[in-house]
2 protein chains.
Amino acid sequence: MHNNQKKIASELNPNVSVDCVIFGFDLEQLTVLVIDRGEISAANGPRLALPGNLIYDNENLDQAASRVLEELTGLSNIYLEQVGAFGDPFRIHKESDREWLKSIRAQPDARVITVAYFSLVKISDYLPHASSFAKNAGWAPVNEISELAFDHFEILQAAKDKLKQKIKIQPIGFNLLPEKFTLSQLHRLYESILDKPLDKRNFRRKIQKLNILSNLKEKQRGVPHKPSSLYEFNEEKYQELTQMGFDNFGF
Amino acid sequence: MHNNQKKIASELNPNVSVDCVIFGFDLEQLTVLVIDRGEISAANGPRLALPGNLIYDNENLDQAASRVLEELTGLSNIYLEQVGAFGDPFRIHKESDREWLKSIRAQPDARVITVAYFSLVKISDYLPHASSFAKNAGWAPVNEISELAFDHFEILQAAKDKLKQKIKIQPIGFNLLPEKFTLSQLHRLYESILDKPLDKRNFRRKIQKLNILSNLKEKQRGVPHKPSSLYEFNEEKYQELTQMGFDNFGF
DNA sequence: AGTCTTTGTGTCATTTTTACACTATCCAAA
DNA sequence: TTTGGATAGTGTAAAAATGACACAAAGACT
C-alpha cells in the first residue's frame, strides 16, 4: 500500500462545487427538486436554483454529491450519476447570483467549476417539510421550469438528456417509483422522461419481456375505475440480466 | 447585456486540470496519444501519461481541452467531447507521480480535480515528430496499455466506454479515418471500437442504409489483392439525418 | 499460369417493431 | 339498480430489421 496519503485538511475547496439535479416523479410528470432563494436584494433574477455546494478537500466528487443530497433531503443510498463538469468562466455573471454568493460564500468572486450529478428519488421518501434547510425547497415539474440561477438551467437540460439516454439502456426508472406500482404508472414515467407518447400495448409487451417485474397478487383499491394490478421491481432478475451483458431497452 | 464581467487574470487555476484522451486509428487498431515522462528519479512507476494540464482562469473547459490538444499536436478544430470529472482526493498518490509534479507544477501538492475529454484525430494529420514538446509523445495501441500515471488508466477506460456508446448513436467514427477510406477500414474501425467482431455483409448493409457515404469512382491502387473502392463521408446527408431525429445505429 | 489475398455480393429464417380497437372492472351518480 | 365515466388489459397481422452463412472476382506477385 501507499504510505504517502497525507492527511488533507477538511476544508472547503473554493474552486469546485457539485450541483444536484434531483429527479422525482409524482405519478403524473417528472419533477425536480429546486431551492427557492427568496427575494435577493434589489437585483431581480431567478429565485430558483439547484441544490449544490462547494466540495470538501477530503471527499471525492460522488461523496460530495451524496452529502449535498443528504443535507437537503436526509436521504442516503440514492441513485446518483455524474452528468459532467460545467466551467464557463462567466457562469456566475448574473447580478442576482453574485449578490447571493456574497451572502453565503467566503470567496464569492472565486471562479468555480461545478460538477453536476443527477439522482433519482422516490418522491414519497421526501416530502419537503417546513423545517430545516428544506423549508425553501420543493418539487417543481421539469417542464415548467424556464429559468434558474447561474447555469443551472443548462445543467438541468444536460441532466434530462442524460436521463433520457440512460433510461433507454438500463431500467433505472424504478428508482423514481414507489415499491409497488402499476404498469400505467411506469408507462407514464417513460413517456415523461422520453417526452413522447409510447403505444400502450407495445410498451407493456416490451417491459414484460424484460422479465424484471413481479406481478404482486394485489390490486389497487379505491380508484374510480378498473383497478390495476400492482407490480414490484425484481432486483434479482435485473442483476442476472445486467451480468449477461444486457444493454438495450430500445424505446 | 451584463456589464459585470470582470476581467479575470489569465492565471493557472491550481485546482482544476483537463486531460485528453486523443484517439487515433492506424487502420489496424484504435490508438491513443500518450506522453512519455521518461525515467522519473528513483521512484518507479508508469512512464506514460495522458496529455493534460491545469486550466487558465479565463478559459472554459472545452477551450482548455482544445488548447492542450493543440499545444501537443498543432491540430485545431478537432472533435472533442467531455468524458467527465475525476476528483478522487488521492488520485495523485503514487510516489512517481508526486515526484513528477514537483518538477512541473508551482503547487505540486494541491488537490486537483481533472475534467477528461476524448477527441478523435485522423492519425495522418499528426505523425509525432522528433521536434518540440511532442518528442516524447506517440500513438500507442489502446489494448496494449496496462498502466498510466495518476488515474489516467481509469480515465482511458471511461473514454473508451463513452466512445463505444457514442458510436452506436452517431457516426463520429469518420473523424478517425482519412478523407477517402474503404468499407473494410470502416469495418475494422467499428470492430476495434466495439471490441467485437461484426459480420462483414451485415455491417456493410447497415452502413449503406444510412446513406451517408459517397462512393468515389476511384479504387485503391498498388494493393496486392482486389482493390477496394474508396468512399468519403457525406456531411450533407449526415446533417439531414441528425436533424430528422436520428439516433440509433444499433450495432 | 498459378497462387495469394482481400473485395464484394444475396437469401432465407427468425425476431422485432409498429399500428390499431374493443371488452372488463370498478366507482359514483342518478 | 341501473347507467355513465374512467382506466385496465389484451392480440394480430404486416413490415422491417437482424443474424447466419459461402463463393466468385480482381489485382499483385512469382
Side-chain angles (χ1 to χ4, degrees), chain A residues 26-29 167-169 171 177-178 180-192 194 196-232 241 244-251, chain B residues 26-29 167-169 171 177-178 180-192 194 196-232 241 244-251:
Chain A
D26 64 10
L27 303 187
E28 289 288 334
Q29 54 192 329
I167 205 172
K168 292 181 183 176
I169 289 180
L177 290 168
K180 300 174 180 184
F181 53 86
T182 71
L183 289 184
S184 296
Q185 289 164 354
L186 188 60
H187 184 200
R188 254 169 278 150
L189 173 59
Y190 272 75
E191 287 189 327
S192 55
L194 297 175
K196 68 177 182 195
L198 301 172
D199 180 84
K200 182 165 60 162
R201 281 181 284 193
N202 294 341
F203 175 82
R204 291 165 98 99
R205 171 154 39 100
K206 222 163 183 175
I207 285 286
Q208 302 272 19
K209 181 132 40 96
L210 293 176
N211 249 317
I212 50 175
L213 295 187
S214 306
N215 189 338
L216 300 169
K217 304 268 175 281
E218 189 182 348
K219 291 195 179 301
Q220 277 184 315
R221 301 199 50 121
V223 288
H225 54 72
K226 176 172 177 179
S228 166
S229 28
L230 294 169
Y231 291 80
E232 68 181 3
L241 210 52
M244 307 185 91
F246 152 89
D247 75 341
N248 206 335
F249 267 29
F251 283 103
Chain B
D26 63 10
L27 303 187
E28 289 288 333
Q29 54 192 330
I167 206 171
K168 292 181 183 175
I169 288 180
L177 289 169
K180 302 175 180 182
F181 53 86
T182 71
L183 289 184
S184 297
Q185 289 164 355
L186 188 60
H187 184 201
R188 255 169 277 150
L189 173 59
Y190 272 76
E191 287 189 328
S192 55
L194 297 175
K196 69 177 181 195
L198 301 172
D199 179 85
K200 182 166 60 163
R201 282 181 283 195
N202 295 340
F203 175 82
R204 291 164 99 98
R205 172 160 34 116
K206 224 164 183 174
I207 285 286
Q208 302 272 19
K209 182 133 37 95
L210 294 176
N211 248 317
I212 50 175
L213 295 187
S214 307
N215 188 337
L216 300 169
K217 304 269 174 281
E218 190 182 348
K219 290 193 180 301
Q220 276 184 316
R221 299 201 50 124
V223 288
H225 55 73
K226 177 172 177 179
S228 165
S229 26
L230 293 169
Y231 290 80
E232 70 181 1
L241 209 53
M244 308 186 92
F246 151 90
D247 74 341
N248 206 335
F249 266 29
F251 283 105

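Within every chain, numbering begins at 1; the chains are lettered A, B, ... in the order of the sequence lines, protein sequences first and strands thereafter. Only heavy atoms go into these numbers, but all of them, side chains included; no hydrogens, no water, no symmetry mates.
Scanning both residues, A:K180 and A:L216, for their nearest heavy atoms gives CG-CD1, 3.6 Å. In plain terms, the two heavy atoms of B:Y231 and B:Q208 that are nearest each other are OH-NE2, 3.9 Å. Of all heavy-atom pairs between A:S184 and A:R204, the closest is OG-NH1, 4.0 Å. The two residues B:R188 and B:L27 make their nearest non-hydrogen contact at NH1-O, 3.1 Å.
Whole-Å rounding puts the A:H187 NE2 to D:dT10 P distance at 15 Å. What separates CZ of B:F203 from P of C:dT9 is a distance of 14 Å, to the nearest Å. Going from atom NZ of B:K209 over to atom C1' of D:dA15 covers 12 Å, rounded to whole Å. Distance A:Q220 CD to D:dA6 P: 16 Å, rounded to the nearest Å. Nucleotide D:dA8 holds its C1' atom 16 Å from the CG atom of A:L27, rounded to whole Å. To the nearest angstrom, C1' of D:dA8 lies 16 Å from CZ of A:F181. Between the NZ atom of A:K200 and the C1' atom of D:dG9 there is a distance of 7 Å, given to the nearest Å. We find that CG of A:L198 is positioned 16 Å from C1' of C:dC20, with the value rounded to whole Å.
Judged by atom type and distance alone, A:R201 reaches the base of C:dA21 through a side-chain donor-acceptor pair under 3.5 Å.
Within the structure, a side-chain polar atom (N or O) of B:S228 is placed less than 4.0 Å from OP1 or OP2 of C:dG8. For D:dG9, one of the phosphate oxygens OP1 or OP2 lies less than 4.0 angstrom from a side-chain nitrogen or oxygen of A:R204. OP1 or OP2 of D:dA8 lies within a sub-4.0 Å distance of a side-chain N or O belonging to A:S184.
Within the model, atoms CG of A:L189 and CG of A:L183 stand 12.0 Å from one another, a figure rounded to the nearest 0.5 Å. Between the CZ atom in A:R201 and the NZ atom in A:K206 there is a gap of 16.0 Å [rounded to 0.5 Å]. Remark: B:R221 CZ to B:L230 CG distance equals 11.5 Å, nearest 0.5 Å.
Proximity of a side-chain donor or acceptor of B:Q220 to a complementary backbone N or O of B:S228 within less than 3.5 Å is detected. Remark: the backbone N or O of A:L198 is paired with a side-chain donor or acceptor of A:H187 at under 3.5 angstrom.
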Show the distances under 3.5 angstrom between N or O atoms of the protein and N or O atoms of nucleotides 11-15 of chain C.
none

Expected string for nucleotides 23-30 of chain C under the B/S/- scheme (protein heavy atoms, under 4.0 Å, primed atoms plus P, OP1, OP2 as sugar-phosphate) is -BBBS---

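A:S229 comes within 4.0 angstrom of the backbone, heavy atoms only, and of no base.
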